[in-house]
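In what follows, chains are A, B, ... by sequence order, proteins preceding strands, each numbered from 1. Note that the structure is predicted; figures quoted are calculated from it, not measured.
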There are 2 protein chains.
Amino acid sequence: MVTRGTPKPPSRQLADLLRAKIESGELAPGTPIPSIVALATEHQVATNTVQKALRILKDEGLITSVPGYGTFVAER
Amino acid sequence: MVTRGTPKPPSRQLADLLRAKIESGELAPGTPIPSIVALATEHQVATNTVQKALRILKDEGLITSVPGYGTFVAER
DNA sequence: GCCCATTTGTACGTATGTATG
DNA sequence: GCATACATACGTACAAATGGG
């Protein structure tokens, strides 16, 4: 759940949430992550915020994005 | 000069522009970079775009930001 | 080859939060 | 307390890439 009024901003909360799913294996390497719009709707945040969260995970090498196609869990 | 209609987005153009000034020594290590608002006004882009450009340089280790204080050219 | 829906990427303008001096 | 500056988020818009029909 993404909440406000906490020291941890929504973008980090969402990044942490997705990272946990990846590391737990719920999102396996090679599988697609829900689209940005889907994540924004699901977690009640702006698409920009989702982009920011995904950027964090990209910087960590956990995911890769293909424009016009989708975002996927990286092979480790 | 930051232009549109080119394959290189404004945020990258601005990042490249600032990087060149740093590497040429025009902006020496330890010296402050103009504020985000100042850069946005000067280059006619949104503050968000400036933030994006600065983020690129931060990722490259060329600058560091201190909230409420300013952004500075990194040492070395 | 040509539309078209989907998806990522970038940008805009604005608002608010937080830190510094 | 106040002014300045960075950080985050919102909603919106449009470009470019992809894939399916």
Between L17(B) and M1(B), is a side chain to side chain contact (heavy atoms under 4.5 Å, CB included) present by the stated rule, with each step listed?
-> CA-CA 8 Å; L17(B) 195 152; M1(B) 190 53 184; over 6 Å; no
Starting at atom CD1 of I33(B), determine the distance to atom P of dC6(D), rounded to an integer number of angstrom.
-> 9 Å
Can you tell me how far the CZ atom of F72(A) sits from the CG atom of L62(A), to the nearest 0.5 Å?
-> 16.0 Å
N/O contacts under 3.5 Å, protein versus nucleotides 11-14 of chain D?
{"residue": "dG11(D)", "atom": "O6", "partner": "N48(A)", "partner atom": "ND2", "Å": "2.5"}

Working for side chain to side chain contact (heavy atoms under 4.5 Å, CB included), residues I56(B) and R12(B) = CA-CA 8 Å; I56(B) 292 171; R12(B) 293 240 180 241; 3.8 Å; yes
Take atom CD1 of I63(B) and atom P of dA5(D), then tell me their distance rounded to the nearest Å.
-> 16 Å
Could you walk me through whether T64(A) and E75(A) pass the side chain to side chain contact (heavy atoms under 4.5 Å, CB included) check?
-> CA-CA 9 Å; T64(A) 58; E75(A) 306 290 342; over 6 Å; no
Closest non-hydrogen contact found for G61(A) with A74(A) is O-CB, 3.5 Å
With rounding to the nearest 0.5 Å, note down the distance linking CG in L18(A) to CD1 in I63(A).
-> 7.5 Å
Residues, nucleotides or ligands: over 12 heavy atoms within 6.0 Å of R19(A) CZ | yes
Closest-nucleotide ordering on DNA chain D, the 5'-leading residue of V37(B) and R4(A) | V37(B)
Using a 3.5 Å cut-off and no angle test, enumerate the donor-acceptor pairs between side-chain atoms of residues 29-48 of chain B and protein atoms at least two apart in sequence or in another chain.
{"residue": "T31(B)", "atom": "OG1", "partner": "A28(B)", "partner atom": "N", "Å": "3.4"}
{"residue": "T31(B)", "atom": "OG1", "partner": "A28(B)", "partner atom": "O", "Å": "2.5"}
{"residue": "S35(B)", "atom": "OG", "partner": "A38(B)", "partner atom": "N", "Å": "3.1"}
{"residue": "T41(B)", "atom": "OG1", "partner": "V37(B)", "partner atom": "O", "Å": "2.9"}
{"residue": "H43(B)", "atom": "ND1", "partner": "L39(B)", "partner atom": "O", "Å": "3.1"}
{"residue": "Q44(B)", "atom": "NE2", "partner": "T41(B)", "partner atom": "O", "Å": "3.0"}

T71(A) side chain N/O closer than 4.0 Å to the phosphate oxygens (OP1, OP2) of dT8(C)?
-> yes
Euclidean distance, atom CG of residue L39(A) to atom P of dT7(C) [Å, nearest integer] = 11 Å
Indicate the atoms forming the closest heavy-atom contact of T71(B) with S65(B), along with that distance.
-> OG1-OG, 3.0 Å
Could you check how far NE2 of H43(A) sits from P of dA9(D), rounded to whole Å?
-> 14 Å
Can you find a side-chain donor-acceptor pair between Q13(A) and T6(A) that sits under 3.5 Å?
-> yes
Residue pairs passing the ring-ring contact (aromatic ring centres under 6.0 Å, His included) test with at least one member in residues 16-36 of chain B, sequence neighbours excluded, are none
Interface with DNA chain C, restricted to residues 7-20 of chain A and to heavy atoms under 4.0 Å = none
Under 4.0 Å between a Lys/Arg side-chain N and an Asp/Glu carboxylate O for D59(A) and R55(B)?
-> yes
In residues 51-62 of chain A, which ones come under 4.0 Å of DNA chain C, going by heavy atoms?
-> Q51(A), K58(A)
So how far is it from Q51(B) CD to L14(B) CG, rounded to the nearest 0.5 Å?
-> 11.5 Å
Using the 3.5 Å cut-off, write out each protein N or O paired with an N or O of nucleotides 16-20 of chain D and the distance between them.
{"residue": "dT18(D)", "atom": "O4'", "partner": "G68(A)", "partner atom": "O", "Å": "3.3"}

